[in-house]
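Worksheet for the structure shown next.
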Amino acid sequence: MVNRRDVLTAGSLFALAPQAALSMARSTDQAGEEYLLANQNIIDWSYGMKPLFCVAYIDPGIKGQEGQEAAVAKYPIAIVPQDDRKRFRVWRERVRQLNPDIKLLGYQMVIEETSVPGPGHRHLNKVDNGWVESPTGHTPTVTYRTNVSEKRKRIYDPRKKSWQDGFLESCLSLTESGDFDGLFLDQCTVYLAASLSPSTRTEMRESLGKTLFQLRALLPRTLIVGNSSYSWPALNGEMNEGRSKDLPKECAVDAARIVPRLEMFQFYYSEKTKHKVADMFRLALQNRAFFGSTVNAQTAGWLVEFDNVLGQYDITAREQY
């Protein structure tokens, strides 16, 4: 079994695939190649894993969220909180005990103020003078509204070195903790509210892209996925949240991408839309994207639709790069 620290420091993304499967892929003979060409229902881009992931922003100390370790452990990849309080560390270890091969991606905010606990966010919160500021001194914010509250969060300016340094330190603090196999970068984007002109928006996007290349140089073999509609060549891929019409464009092969590809498509369903899960999964597979589907980010569960759709495919660990 590949040590998860090796995935972060010395291995390649191909270490995600079982070694036996990779050996079989390397020894594929001519007949096997002909079979792959003839059979269109081949998944040969998911490194031998079922192309599924789980968003599990679960607090095991909250009643109603506890006891979901077995559900999370069914997935090959899970996006989890970076919180380093004892109950979260114990929870992650229980998940690993149930599935030693699972890849846990630590959640890290990129471009906005956050109060989410954890070592990475503690570093980010130390950034001084990193906010977007208008010529009049106004600091733009993004607003999150619920039925009971409203929160306004300031936006970081990726052109500022203070943010660049703080963000890189944040990411390194997660990978060095040994708790995670990779990073999930939330809000890996440039907000319209933060860019006062097209030229400013271009500058911010270029600066964010350069910082991500710096991150990749520091972590050359780490699995890093961003929550973004942009395509960032330094990342392994991006998550599309429910924008099914944009999936073909966002998952198109990016010739500039410098690392193995791992795209994600997340579909949150309700009772009225659950009938769409199977079709959304097929859409993800058509675009070579890992698929996740749940009612919310605090509820993990394995849907029968996953097995029904996967039953129509063969998964192989053929190398792509």
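Please read all numbers here as calculations on a predicted model, not as lab measurements. When a residue number appears, it is its place in the shown sequence, counting from 1.
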Heavy atoms only: give me the nearest [X]-[Y] pair and the separation to one decimal.
X    : Y    : result
I42  : Y313 : N-CD2, 4.4 Å
I315 : S46  : CG2-OG, 3.8 Å
Q108 : L124 : NE2-CD2, 3.9 Å
S197 : T200 : OG-OG1, 2.9 Å

Problem - Parallel, tilted or perpendicular: ring planes of Y107 versus F184, cut at 30 and 60 degrees - result: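 Tilted, since the angle between the ring planes falls between 30° and 60°.
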
Exercise for the section: Return the set of residues passing side-chain contact (heavy atoms from CB on, under 4.5 Å) with E112 (not counting sequence neighbours), or none when no residue passes. Expected result: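 With sequence neighbours excluded, E112 shows a side-chain contact (heavy atoms from CB on, under 4.5 Å) to M109, V142, Y144, K153, Q187, Y191, given in chain and number order.
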
Problem - Between NZ on residue K74 and NZ on residue K50, distance to nearest 0.5 Å - result: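 Reported value, rounded in 0.5 Å steps: 7.5 Å.
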
Handout entry: Value rounded to 0.5 Å, distance of OG in S229 from CG in L247
Key = 12.5 Å

Does any donor atom in the side chain of [X] or [Y] lie under 3.5 Å from an acceptor atom in the other side chain?
X    : Y    : result
N240 : E250 : yes
D254 : W232 : no
S162 : D128 : no
N287 : R282 : no

Exercise for the section: Answer yes or no: is there a side-chain heavy-atom contact under 4.5 Å between E305 and F281? Expected result: no

Handout entry: Any side-chain heavy-atom pair of N227 and L185 under 4.5 Å
Key = no

Would you check if the side chain of [X] reaches a backbone N or O of [Y] as a donor-acceptor pair within less than 3.5 Å?
X    : Y    : result
R89  : D84  : yes
R216 : A234 : yes
S177 : L174 : yes
Q68  : Q298 : yes

Handout entry: Qualifying ring pair (Phe, Tyr, Trp, His ring centres under 6.0 Å) pairs, either residue in residues 252-279, two or more places apart
Key =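 For residues 252-279, and leaving out neighbouring residues, the ring pair (Phe, Tyr, Trp, His ring centres under 6.0 Å) pairs sorted by first residue read F265-F291.
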
Practice task
Indicate if F88 and V95 have the same hydrophobic cluster label, given that clusters are the connected sets of ILVMFWY residues with side-chain heavy-atom separations under 4.5 angstrom.
Solution key: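 No, F88 does not connect to V95 through the hydrophobic network.
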
Problem - V80 reachable from V116 in the ILVMFWY side-chain graph, under 4.5 Å edges - result: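 No, V116 and V80 fall in different hydrophobic clusters.
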
Practice task
Kindly indicate, with the supporting measurements, whether the criterion side chain to side chain contact (heavy atoms under 4.5 Å, CB included) is fulfilled by L183 and L105.
Solution key: CA-CA 5 Å; L183 301 171; L105 306 187; over 6 Å; no

Practice task
Please name the residue in the list T211, I111, V110 that meets the side chain to side chain contact (heavy atoms under 4.5 Å, CB included) test with P158.
Solution key: I111

